[in-house]
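What follows is a single structure, written as structure tokens, with notes after it.
Each chain gets a letter, A, B and so on, in the order the sequences are listed, and its residues count up from 1.
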Amino acid sequence: MSGAFRLAGRGRIDTARPVVFRFDGRMVRGYAGDTVASALLAEGRHLMGRSFKYHRPRGPVSAGSDEPNALVGVGEGGRYTPNLRATQVEIHDGMVVVSQNRAPSLRFDIGALNTLAAPVLPAGFYYKTFMWPRGFWDKVYEPLIRRAAGLGRAPTAPDPDHYALHYAHCDVLVAGGGPAGLAAALAAGQAGARVILCDENVEFGGSLLVDTHSLIDGLPGMTWVARIVAELERLPNVQLLTRCSAFNYGPHNMVALNQRLSDHLAAPPADMPRERIWQVRARDVVLAAGALERVLVFEGNDRPGIMLASAARTYLHRYGVACGRKAVVVTADDAAYRVALDLAEAGVKIAAIADLRPTPGGPVVEAVQSRGIAVLPATTIQRAHGHLRVTGAELAPIGADGTVGRGRTIACDLVLMSGGFTPSLHLHSQARGALRFDDALGVYVPGESVERVRSAGSCRGIFALDEVLRDGVVAGLAAAGGETGPVWTVTRQDAPGAGGFAGALPRRGPGHLALAFVDFQNDVTAKDVKLAVREGFRSIEHVKRYTTTGMATDQGKGSNVNALAIVSDVLGRTPQEVGLTTYRPPYTPVTFGAFAGHARGDQFDPLRLPPMDAWARAQGVVFEDVGLWRRARYFPRAGEDMAAAVARECRAVRGAAGIFDASTLGKIEVVGPDAAEFMNRFYVNAWTKLSIGKCRYGLVCRDSGFVYDDGVVGRIATDRFHVTTTTGGAAGVLNMMEDYLQTEWPDLDVWLTSITEQWAVIALQGPRARDILAPLVDGLDISAGAMPHMTLREGSIGGVPMRLFRVSFTGELGYEINVPSRQAQAVWDRVWQAGAVFGLMPYGTEAMHVLRAEKGYLIVGQETDGTMTPGDVGCGWAVSKVKPDFVGKRALALPAMNAPDRLQMVGVLTDDPQEVLEEGMQLVTAAETPVPASAEGHVTSSYFSPALGRSIAIAMVKGGRSRMGAALYAPRLEGPALKVTLVDPVFYDPEGARLND
Amino acid sequence: MLLIDCPYCGPRAEIEFAYGGEAHIARPAADVSEEEWEAFLYLRDNTKGVLAERWRHAHGCGRFFNALRDTRTDRFHAFYEIGTPRPDVGDAA
Ligand SMILES: [Zn+2]
């Protein structure tokens, strides 16, 4: 047997399969089935980590997921995971484990000096200390905190593992596979319900994993468990999940489970996900989450070698490990006596049992006494001695009046504590279940929930094994709608413990310097909690935040009830008057990777590719992301930077022709007998008189009167409009159209169809556009006379069906060739080839922006910010004066919407033509303006214009249209403010001659 | 995640739907007073209790419909078509 504290013939580990792993670089031997904690304890080692604030040496307090102290880092490189509970991490060959929060070593840690500073690091020290002196923050406090605080370090390499997500539905989800959960799952499964049973442990059994005393139907607990699990496995309607924690309870019984699949394997298959999130929608949920033993709050209660009595029992029966040679037990509950008997039987010397209660009694107490173990009634632990390991416990008598007398120190290497059991309410509370304080038990138990959920067993305060099994069956039948369930007979069970203790233990003296920990993980002491109350915090939620108790990753599993009792004691109010803090998900920490699942890298977001994406890539394009779209930004030639490429593309459009993939434009077809009436009601423009084959610029407002979207609309037929929207606004406009159509105007006979993906758009812009296009359009007459600006024609281009729009977003003669997306590349190729002799050049979104800004065309979302009216952005002309109603009409009539000092769209020119303003710059009235200044407006678009040979900008300025020629100033972070002059926003070809060419 | 019973498709997960705000807010005619228009645009009951609200099955049939949901519990009490009156479910919690 490896490990001096390993006991032959005990535990559920596989001693035929030795396992070797590394802890802080040192080889540790254990067995298959061990955790990091059990393997280290088998070597007699309790010291496993350092604490958060004071860097106190710490060892495991528990043997499960509630562990606050023994947090370790596991794995290497991208697989390094910090803050895992050593009490849960299963070992495998070659595993690399490191302790945390220590420098240079676990045994000697510089940060432990923080303990000496404990008197100046009281509750709320974050809020107090760092307020003063102000200059200390950057240079002293923050670096200190950044180095000292925090738990483990995050890995810096990408995570090489993958994670899965699975949706599941069931009739009954049972969370927790102890006796209550197994009974519930079997009852529900036998009743025919589809059942999912999950448990966070490696194997089912819960408390029966460590109860070697009770018999069920004459069988030892784990023999019974094996039989029940076998029965469940035979039921095709039952799914069993181990290593699977229910960590989040969402509305309508959507419960998230985290299943750990590969961490326990030395060589997992390459295709195996590391973890899997289960999103389970359950008709009914049975919570069988069990109960957690409470720590006792006394001076030095965090020394390695001090642990929960139930934990020592777990290490003994699951791992065959004795946690020490000589133990002192401090208890307020009978359960610790059974632990003492088990340990004594295994050879551990029980030096004494200090019982906080004045008259402990009953069969299990008598059994202890008959073994010759000293039971000290009405006795507290004044303090624990030791540093890296507990060396002794000072036990002191509690007088009838509650005062504590002088005690005596008993040497020991193990102190076991039991403050009684707290029902695990986390999931019930997440299910918005009320909590009810049970006076007899002295703890909260589940009350009513809004969900179809019921708790069973010890998580609702039922502790006797026979009652737990019956409770599980009742819950399982109720959840499944079954009538009769299995019945078992329990013998030799211990009566559930009466008593329990919550709060700080009685002590001798005020203990001003005593560090008695309530919350181990956040290093919160009893006096921190008391201080918070003395400083005026009354709400338990405020005490929690001020002291940070219960805010660590263990979610206050071990600390909440003790903190509550201390607050209740100091305030002189009952615990139910004080209340409990809200439990928040996750129940236990979940890897970020599990939440990300497959949504990483290329799978992070959908990627929308316009039809000519591959062509653009072949041209060496530089892309930009526009929403989910990947668009061509510019096409650099050898040696060109962005400015040079964009300038060349702009010159090509103004001088010859440019070709642009505008397919991302949102497109909606509005069809039906009432299509024109719908358009009239929806847009600010009038549509009735728009004849077939004509186009119009359309503007959409919200009913608030603010501009929402814009785009050119063409009338294909009396009952058919081809609507375009902005690239980003397509889905929103369609949703808004559907909203009005379905809910306000159900009288209209109209159909709305998104055609964005169906029609590709090839924009051909520039003075030679017609020359390039005319020979290609299968006989269609597109001469200036036959097809003027703002018209559309249906036809074909090389046999491909086409909707040809003569529109322009550049100010040049231009066309937007709409063809079916699948044939778009072929059409593009034909246009591209035909354009070669005319100097046709591809251009991207950057040149498109410059060209439209030269013309003063607004971009919704760039010039507008959700508070701009059509008039603000110079589009008042588009708003119908005669329509009786349209979306936005009433609001646009409000006086405030027409105030003369509203922000209005203007052009802006800098004194220095080479100076390009920053978009977002504020504009003020004087070069030297005291801060804070109120802005006259702000810059919305700014570029260098190749056509004008100078910088141009668009701005929104208060009453801007009446301030033409006025000067404003744009302050900069560095250097003097830039003087600018307000001008008309149409910088190029203001008469529009080129457009109508 | 809520389970929402689309009147046209049946029960689906909340991610398929878009929320549409409080229901039964009729859009007034364009000649109402400023106060009435303001109330239409901005004033909502912020109900603690059973709220009539709109949903759209955005990633499904695309239809808008109404629901009665208790904002205290998230429990739905009814799903019904746009244009039909609010069902009487009392003050059920
Ligand atoms: Zn639907």
Worked check of side chain to side chain contact (heavy atoms under 4.5 Å, CB included) between B:Arg75 and A:Glu451 | CA-CA 8 Å; B:Arg75 188 175 298 166; A:Glu451 301 287 355; over 6 Å; no
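- Checked against side-chain hydrogen bond (donor to acceptor under 3.5 Å, both in side chains), B:Glu53 has the following partners two or more places apart in sequence or in another chain: B:Tyr19, B:Trp55, B:Arg69.
- With chain A as the partner, the residue from B:Ser33, B:Pro28, B:Ala26 showing the most heavy-atom pairs under 4.5 Å is B:Ser33.
- Considering every non-hydrogen atom in both B:Ala30 and A:Pro884, the closest pair reads CB-O, 3.7 Å.
- Put simply, the side chain of B:Trp37 never gets that close to the backbone of A:Ser704: no donor and acceptor are under 3.5 Å apart.
- The parts of B:Ala13 that come within reach of chain A are both its backbone and its side chain, each placing non-hydrogen atoms under 4.5 angstrom from that chain.
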Apply salt bridge (Lys or Arg N to Asp or Glu O under 4.0 Å) to A:Asp739 and B:Arg56, showing your working.
-> CA-CA 9 Å; A:Asp739 191 346; B:Arg56 183 181 180 218; over 6 Å; no
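- Contacts of A:Asn735 with chain B are made by both backbone and side-chain atoms, with heavy-atom separations under 4.5 Å.
- A distance-only check finds a donor-acceptor pair linking the side chain of A:His252 to the backbone of B:Asp74 [under 3.5 Å].
- Proximity to chain A (any heavy atom under 4.5 Å) is restricted, for B:Ile25, to the backbone atoms N, CA, C and O.
- For residues 885-897 of chain A, the interface with chain B (any heavy-atom pair closer than 4.5 Å) comprises A:Asp885, A:Phe886, A:Val887, A:Gly888, A:Lys889, A:Arg890, A:Ala891, A:Leu894, A:Pro895, sorted by residue number.
- Summarising the local packing, CG of A:Asp605 is surrounded by more than 12 heavy atoms from other residues, nucleotides or ligands at distances under 6.0 Å.
- Using a 4.5 Å cut-off between heavy atoms, B:Arg63 contacts chain A through both its backbone and its side chain.
- Looking at A:Arg281, only its side chain comes within 4.5 Å of chain B, counting heavy atoms on both sides.
- At most 12 heavy atoms of other shown residues, nucleotides or ligands fall within 6.0 angstrom of atom CG in B:Asn46.
- Using a 4.5 Å cut-off between heavy atoms, B:Leu41 contacts chain A through its side chain alone, with no backbone atom that close.
- Of all the heavy atoms in B:Thr73 and A:Arg432, the pair that sits closest is O-NH2, 3.5 Å.
- Atom CD of A:Glu744 sits about 6.5 Å away from atom CZ of B:Arg27, to the nearest 0.5 Å.
- Here A:Asp703 is the residue among A:Val450, A:Thr743, A:Asp703 with the most heavy-atom pairs under 4.5 Å with chain B.
- Heavy-atom distances place both the backbone and the side chain of A:Gln742 under 4.5 Å from chain B.
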